[in-house]
Amino acid sequence: MRKEVRILGLSYSQSQMGSYVLVLSEKNGNIKLPIVVKMSDAQRIALDIENVKSVRPMTHDLFKSVSDSYGIDVQEIYIYSLLEGIFYAKLVTSNGVEEVEVESSVGDAVILASVYECPIYVANSVLKSAGVLISDKGEVIEGDLDTELGIDSDNPEVKGKVSIENLTILMNDAVRNEDYELASVIRDRISELNK
């Protein structure tokens with residue numbers, strides 16, 4: 001099972017110099033998914049968020065031009081796995097006859113989702129592992145991700161590694177924004193996961 005997400009925003013990573021945190025938000029829900037991306041990916045995503053077009057075509061624009069020339073379209077992006085803090089994504093492409101899945105970094109996949117204006121999906125197991133329930137007001141919602149995702153928590157297939165690194169990034173951003181209440185709730189969640 002999977003959920004559709006959208007790009008919520010970007011912020012500088014306090015814990016990893018030269019990196020940024022891309023926050024994806026469940027389209028019809030309160031789950032947020034923080035993902036660390038490299039600076040070049042963050043710059044391109046920021047341009048797309050602000051609807052700023054580069055004077056010269058960038059690599060992702062070139063990719064689209066070539067794929068359009070051969071009749072290939074990116075149908076969707078799927079973030080399907082999280083192992084040892086690394087997110088795995090793939091592009092689902094089509095030439096009108098067959099679908100082909102192509103492995104991609106999450107940063108490149110999100111940029112291409114913007115270039116092709118296609119949906120981004122995240123596996124429920126990834127959202128369960130690294131997602132955080134946060135309201136539109138930025139407050140952590142005390143709740144169970146299993147319930148929010150409709151997951152049977154007794155099913156061993158949905159057990160995943162929680163990315164404490166991503167929670168730490170969210171906590172550091174909350175401290176930077178002087179939202180100490182949110183930071184303390186995330187800190188408590190990290191402590192709970194470390195037990």
Side-chain angles (χ1 to χ4, degrees), residues 2-82 85-96 99-124 126-127 130-132 134-138 163 165-167 169-170 172-174 176-177:
R2 62 191 191 162
K3 299 273 186 181
E4 187 172 356
V5 297
R6 63 183 173 80
I7 299 170
L8 183 63
L10 281 167
S11 65
Y12 185 71
S13 173
Q14 298 293 317
S15 64
Q16 292 188 16
M17 299 303 281
S19 296
Y20 287 77
V21 179
L22 166 67
V23 180
L24 300 177
S25 176
E26 182 184 16
K27 230 175 177 184
N28 297 310
N30 293 314
I31 299 174
K32 309 296 187 261
L33 180 65
I35 300 173
V36 176
V37 295
K38 58 188 174 189
M39 185 177 2
S40 59
D41 291 343
Q43 289 170 334
R44 176 57 197 258
I45 293 167
L47 290 176
D48 289 341
I49 289 172
E50 298 298 324
N51 290 318
V52 175
K53 299 294 178 202
S54 175
V55 177
R56 294 177 33 193
M58 298 176 86
T59 305
H60 299 91
D61 302 315
L62 175 62
F63 180 88
K64 184 168 187 337
S65 294
V66 171
S67 67
D68 286 350
S69 298
Y70 287 98
I72 299 170
D73 188 38
V74 176
Q75 302 289 305
E76 68 182 48
I77 302 306
Y78 184 41
I79 302 170
Y80 65 92
S81 183
L82 172 64
I86 299 171
F87 290 88
Y88 292 85
K90 57 186 160 188
L91 316 173
V92 179
T93 65
S94 174
N95 63 4
E99 279 191 0
V100 176
E101 294 179 353
V102 180
E103 288 291 319
S104 172
S105 71
V106 172
D108 285 330
V110 170
I111 293 167
L112 289 171
S114 181
V115 169
Y116 283 90
E117 299 178 359
C118 68
I120 303 169
Y121 295 98
V122 179
N124 279 1
V126 173
L127 289 172
V132 180
I134 299 179
S135 74
D136 293 333
K137 296 177 183 176
S163 175
E165 174 188 7
N166 285 331
L167 288 174
I169 290 166
L170 269 180
N172 290 336
D173 282 343
R176 186 173 47 83
N177 294 326

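Both backbone and side-chain heavy atoms feed into the values below; hydrogens, waters and symmetry mates do not. Start at 1 with the first residue, then count along the sequence.
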Query raised in the report: For Ser81, what residues pass the side-chain hydrogen bond (donor to acceptor under 3.5 Å, both in side chains) criterion, not counting sequence neighbours?
Result: none

Query - Contacts of Tyr78 that satisfy side-chain hydrogen bond (donor to acceptor under 3.5 Å, both in side chains) - sequence neighbours left out - result: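 For Tyr78 there are no side-chain hydrogen bond (donor to acceptor under 3.5 Å, both in side chains) partners, ignoring immediate neighbours.
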
Which heavy-atom pair separates [X] from [Y] by the least distance, and what is that distance?
{"X": "Ala113", "Y": "Ile77", "value": "CB-CG1, 3.5 Å"}
{"X": "Leu10", "Y": "Ala46", "value": "CD1-N, 3.7 Å"}
{"X": "Lys64", "Y": "Val115", "value": "CD-CG1, 3.2 Å"}
{"X": "Ala130", "Y": "Leu33", "value": "CB-CD1, 3.6 Å"}
{"X": "Pro119", "Y": "Glu4", "value": "CB-OE2, 3.4 Å"}

Separation of [Y] [atom2] from [X] [atom1] (nearest 0.5 Å):
{"X": "Asn28", "Y": "Arg6", "atom1": "CG", "atom2": "CZ", "value": "9.5 Å"}
{"X": "Tyr121", "Y": "Lys3", "atom1": "OH", "atom2": "NZ", "value": "12.0 Å"}
{"X": "Ser67", "Y": "Asp73", "atom1": "OG", "atom2": "CG", "value": "7.0 Å"}
{"X": "Asn124", "Y": "Glu26", "atom1": "CG", "atom2": "CD", "value": "8.5 Å"}

Report summary line: Residue pairs passing the salt bridge (Lys or Arg N to Asp or Glu O under 4.0 Å) test with at least one member in residues 33-49, sequence neighbours excluded, are Arg44-Asp48, Arg44-Asp61

Report task. Could you please spell out the steps behind the salt bridge (Lys or Arg N to Asp or Glu O under 4.0 Å) verdict for Glu76 and Arg2? Result -> CA-CA 12 Å; Glu76 68 182 48; Arg2 62 191 191 162; 2.6 Å; yes

Query raised in the report: Do the non-hydrogen side-chain atoms of Val21 and Ser11 ever get within less than 4.5 Å of each other?
Result: yes

Query - Side-chain heavy atoms of Phe87 within contact of Val126, under 4.5 Å - result: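 Answer yes - side chains close enough.
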
Query raised in the report: Can Cys118 and Gln75 be said to form a side-chain contact (heavy atoms from CB on, under 4.5 Å), step by step?
Result: CA-CA 6 Å; Cys118 68; Gln75 302 289 305; 6.0 Å; no

Report task. Output every pair passing ring pair (Phe, Tyr, Trp, His ring centres under 6.0 Å) with a member in residues 46-74, not counting sequence neighbours, ordered by first then second residue. Result ->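 Passing the test, one end in residues 46-74: no pairs.
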
**Report entry** Selection residues 20-46 - residue pairs positive for ring pair (Phe, Tyr, Trp, His ring centres under 6.0 Å), sequence neighbours left out
**Finding:**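 Qualifying pairs, neighbours excluded: Tyr12-Tyr20.
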
Query raised in the report: Is there a side-chain contact (heavy atoms from CB on, under 4.5 Å) between Val100 and Val102 once you walk through the steps?
Result: CA-CA 6 Å; Val100 176; Val102 180; 4.3 Å; yes

Query - Verdict with reasoning, Glu99 to Val92, per side-chain contact (heavy atoms from CB on, under 4.5 Å) - result: CA-CA 7 Å; Glu99 279 191 0; Val92 179; 3.6 Å; yes

Query raised in the report: Can you name the residues that form a side-chain contact (heavy atoms from CB on, under 4.5 Å) with Val110, not counting sequence neighbours?
Result: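 Residues passing side-chain contact (heavy atoms from CB on, under 4.5 Å) with Val110: Ile7, Leu22, Ile45, Val106, Ile120.
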
Query raised in the report: Any side-chain donor-acceptor pair under 3.5 Å between Asp108 and Ser105?
Result: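 There is such a pair (donor and acceptor under 3.5 Å, judged by atom type) between the side chains of Asp108 and Ser105.
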
Query raised in the report: Is there a donor in the side chain of Tyr88 and an acceptor in the side chain of Ser104, or the other way round, less than 3.5 Å apart?
Result: no

Query raised in the report: In terms of side-chain geometry, is the basic nitrogen of Lys90 or Glu101 positioned less than 4.0 Å from the acidic oxygen of its partner?
Result: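 Result for this pair is yes, salt bridge flagged.
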
